[in-house]
**Q** 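For reference, the structure I am asking about is given below.
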Amino acid sequence: MRGVAVLGATGSIGQSTLDVMQRHPERYHAVVVSANRSVDDMASICRIHKPTHAVMGEPESASALRDRLVDLPQVAVSAGADALDELLALPDIDTVVAGIVGFAGLRPTLSAARAGKTILLANKEALVSAGALFMDTVKRGGATLLPVDSEHNAMHQCLPIDALGRPDMTNVEKIILTASGGPFRGRARESLHSVTPDEACAHPNWSMGAKISVDSATLANKGLELAEACWLFARTPDQIEIVVHPQSIVHSMIRYQDGSVLAQLGQPDMRTPIAYGLAWPERIDAGVEPLDIVAAHRLDFEAPDLDAFPCLALAQWAISQPGGMCAFSAANEVAVAAFLQGEIRFTDIDQVIDLTLKQVELSEPASLDAVQALDETAREVAQSHATRLAAAHGK
Ligand code: NAD
Ligand code: MG
């Protein structure tokens, strides 16, 4: 029986994880579940999964959850990052699913790494904001890092892997990172000024949280994933090719020196990479529909359009700057939140990131404090640009 901590349990990744776990009650038990403020969803999760601990983002939500669970005293409810840090070191936790969205997921993921747990990493923002620190903490803590992001999971599946989950990159010539292209693939930039948050969140293949859905529409997600792949597989950006594959069936590929290209194919359903991470090095049923390759009919590949979607080009630049992706990711989070609030336009998102990258003094953050300081500075700068753009639009 493996003890699992599901961070971001109420989100899209959290729900998919709990779904897979529920199919194998003899193998997995939720020891800790965490969420930010969704008390109702958390109460249902606690009733179904009966975790030992439920952690909310803040005391008010924790107290509301406690009131909802008076008849379930075996679930200890707490609040805040310090409580979560402590719980993640519990010896009955083997696996930590990092499913919190954004920079907020960095601290608990680092705690899991320090405690030497097996980390199923969905929260790419944590890795790209603090790449060197993150990878060093995993190494020092003796943690096992298994990527759950579908593309990186595909790469992991196509590489030789050692007992600690680390890939052997000998003889790898190129990583081919696939992108769906998002809901606005093929459109000119001029046509994107007036798209709405609902249109941006309507991903053609994947059902995901709002933030990553917008990131997929701007291609900022592919920029984050490029940086993620560089850290996870010790590559430089020129060793990774990005191709748009609108069907989202090939989740990424590895090209070897002998000319062989290995690909992982599957339905666009996150339960596949999550099940791979939960069971690795074994395999389990994920509840995913089998892939009907004949019905899929065709697989297309094309180059990304960096003119229509400048976020990807900005990320490619930021990756080569010390601390660049920390500032990129922070500015992107601020800009996406402002877009989802209806304050700025879709095409303002890349403007906010661009202006922030130009204005913030970049340097490699060596400690968690330095990462947090750079993240905060970039957020302040990005917010000032978002507020100015919103005012210009009369918002
Ligand atoms: P989501 O918005 O559906 O869920 C986010 C979860 O994080 C929720 O449980 C929420 O309560 C929690 N959370 C948010 N802010 C928090 C805070 N400040 N403190 C504590 N908890 C907080 O997001 P998602 O789509 O599940 O994505 C989660 C992460 O996984 C993201 O980093 C995303 O990029 C990555 N990811 C998601 C998918 C997907 O299919 N959804 C695929 C690949 C990678
Ligand atoms: Mg992905």
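Order of appearance sets the numbers: ligands from 1, and atoms from 1 within every ligand.
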**Q** Report the nearest protein non-hydrogen atom to atom 25 (O) of ligand 1: residue, atom name, distance rounded to 0.1 Å.
**A**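 Ranked first by proximity to atom 25 (O) of ligand 1 is G209 N, 2.9 Å.
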**Q** Shortest non-hydrogen contact from D350 to C311?
**A**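 Heavy atoms only, the tightest pair is CB-SG, 3.6 Å.
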**Q** Using side chain to side chain donor-acceptor pair (under 3.5 Å), reason through D168 and T170 one step at a time and then give a plain yes or no.
**A** CA-CA 6 Å; D168 174 1; T170 324; 2.4 Å; yes
**Q** Atom OG1 of T17 and atom CD1 of I13: how far apart are they, to the nearest 0.5 Å?
**A**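 Separation between the atoms: 6.0 Å.
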**Q** Give the atom numbers and elements of ligand 1 that come within less than 4.0 Å of a heavy atom of A104.
**A**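 Near A104, meaning under 4.0 Å from one of its heavy atoms, ligand 1 has 17 (C), 18 (N).
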**Q** Between F309 and F184 (judged by ring centroids, cut-off 6.0 Å), do the two rings come close enough to count as a pair?
**A**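 F309 vs F184: aromatic centres not under 6.0 Å.
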**Q** Quick one: look up the protein heavy atom nearest atom 28 (C) of ligand 1 and list residue, atom name and how far away it is.
**A**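 Ranking protein heavy atoms by distance from atom 28 (C) of ligand 1, first comes G99 O, 3.3 Å.
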**Q** Where the closest heavy atom to atom 41 (N) of ligand 1 is concerned, which of S61, S12, G14 has it?
**A**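 Residue with the shortest heavy-atom distance to the ligand atom: S12.
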**Q** Suppose I only count heavy atoms of N123 and a 4.0 Å limit; which atoms of ligand 1 are within that range?
**A**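 Here the atoms of ligand 1 in question are 32 (O).
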**Q** N/O of G8 under 3.5 Å from N/O of ligand 1, yes or no?
**A**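 It does: an N or O of G8 is found under 3.5 Å from an N or O of ligand 1.
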**Q** Could you pull out the closest heavy-atom pair between V148 and N153, with the gap in Å?
**A**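 Closest approach of V148 to N153, heavy atoms only: O-CB, 4.1 Å.
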**Q** Considering the heavy atoms of A122, write down every atom of ligand 1 situated less than 4.0 Å from one of them.
**A**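 Those atoms are 30 (O), 32 (O), 35 (C), 36 (N), 44 (C).
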**Q** Look at atom 9 (O) of ligand 1 and say which protein heavy atom is nearest, naming residue and atom and giving the distance to 0.1 Å.
**A**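 That would be T10 OG1, 2.7 Å.
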**Q** Apply the side-chain hydrogen bond (donor to acceptor under 3.5 Å, both in side chains) test between Y276 and each candidate in Q157, R283, H156; give the one that qualifies.
**A**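 One option only clears the test, and that one is H156.
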**Q** Using a strict 4.0 Å threshold on nitrogen-to-oxygen distance, state whether R2 and D94 make a salt bridge.
**A**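 Looking at D94 together with R2, the answer is no, because their closest N to O distance does not fall below 4.0 Å.
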**Q** Are V261 and I242 joined in one hydrophobic group, where the rule is that I, L, V, M, F, W and Y side chains link up if heavy atoms are under 4.5 Å apart?
**A**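 V261 and I242: separate clusters.
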**Q** For atom 29 (C) of ligand 1, what is the nearest protein heavy atom, given as residue, atom name and distance?
**A**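 Checking every protein heavy atom, the shortest distance to atom 29 (C) of ligand 1 gives I100 O, 3.6 Å.
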**Q** I'd like to know if the side chain of R187 and the backbone of S191 have a donor-acceptor N/O pair within less than 3.5 Å.
**A**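 A pair under 3.5 Å: yes.
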**Q** If you measure from atom 31 (C) of ligand 1 to every heavy atom of M42, Q15, E125, E151, which option wins on shortest distance?
**A**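 The option holding the nearest heavy atom is E125.
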**Q** Given 3.5 Å as the limit, does a donor-acceptor pair link the side chain of E199 with the main chain of T196, or not?
**A**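 Checked: pair present.
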**Q** Considering the options N205, D269, T178, which one meets the side-chain hydrogen bond (donor to acceptor under 3.5 Å, both in side chains) requirement together with S248?
**A**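 Of N205, D269, T178, side-chain hydrogen bond (donor to acceptor under 3.5 Å, both in side chains) with S248 is met by N205 alone.
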**Q** I need the contact type for I212 against ligand 1. Using non-hydrogen atoms and a strict under-4.0 Å cut-off, is it side chain, backbone, both or neither?
**A**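 The answer is the side chain.
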**Q** I want to confirm something. Looking only at heavy atoms, which of V101, V148, L84 is nearest to atom 23 (O) of ligand 1?
**A**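 The nearest heavy atom belongs to V101.
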**Q** Using a 4.0 Å heavy-atom cut-off, which part of M270 comes near ligand 1: side chain, backbone, both, or neither?
**A**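 Near ligand 1, M270 shows its side chain, while the N, CA, C and O stay back.
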**Q** Give the numbers and elements of all ligand 1 atoms closer than 4.0 Å to a heavy atom of A35.
**A**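 Counting atoms of ligand 1 from 1, those under 4.0 Å from A35 are 11 (O).
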**Q** Is there a side chain to side chain donor-acceptor pair (under 3.5 Å) between D300 and Q247 once you walk through the steps?
**A** CA-CA 7 Å; D300 296 297; Q247 291 90 358; 2.7 Å; yes
**Q** Counting only heavy atoms, tell me which of N36, N221, V97, V6 gets closest to atom 21 (N) of ligand 1.
**A**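 That would be N36.
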**Q** For ligand 1, which atoms have a heavy atom of G11 less than 4.0 angstrom away?
**A**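 Within the 4.0 Å cut-off of G11, ligand 1 contributes 1 (P), 3 (O), 4 (O), 8 (C), 9 (O), 26 (O).
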**Q** So which protein N/O/S atoms does the Mg ion (ligand 2) have within less than 2.8 Å?
**A**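 Correct list: D149 OD1, E151 OE1, E225 OE2.
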**Q** Is any NZ, NE, NH1 or NH2 atom of the basic residue among E60 and R37 found under 4.0 Å from an Asp or Glu carboxylate oxygen of the other?
**A**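 Looking at E60 and R37, the cut-off is not met.
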**Q** Who's closest to atom 39 (C) of ligand 1 heavy-atom-wise, of H203, M208, M56?
**A**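 Minimum heavy-atom distance to atom 39 (C) of ligand 1 goes to M208.
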**Q** Measure the shortest side-chain to side-chain distance between D215 and V336 over non-hydrogen atoms and say whether it is less than 4.5 angstrom.
**A**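 D215 reaches V336 side chain to side chain.
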**Q** Could you tell me the residue and atom name of the protein heavy atom closest to atom 34 (O) of ligand 1, and the distance to it rounded to 0.1 Å?
**A**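 Checked against all protein heavy atoms, atom 34 (O) of ligand 1 sits closest to K124 CE, 3.2 Å.
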**Q** Determine the minimum heavy-atom distance between L87 and S78, stating which atoms define it.
**A**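 For L87 and S78, the tightest heavy-atom pair comes out as CD1-OG, 4.1 Å.
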**Q** Any nitrogen or oxygen of I13 lying under 3.5 Å from a nitrogen or oxygen in ligand 1? Just yes or no.
**A**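 Yes, I13 has an N/O under 3.5 Å of an N/O on ligand 1.
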**Q** May I ask you to identify the nearest protein heavy atom to atom 43 (C) of ligand 1, giving residue, atom name and distance to one decimal place in Å?
**A**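 Protein heavy atom with the smallest distance to atom 43 (C) of ligand 1: D149 OD1, 3.1 Å.
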**Q** Is L106 reachable from I100 through a run of hydrophobic residues whose side-chain heavy atoms are each under 4.5 Å from the next?
**A**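 Unlinked, I100 and L106 end up in two clusters.
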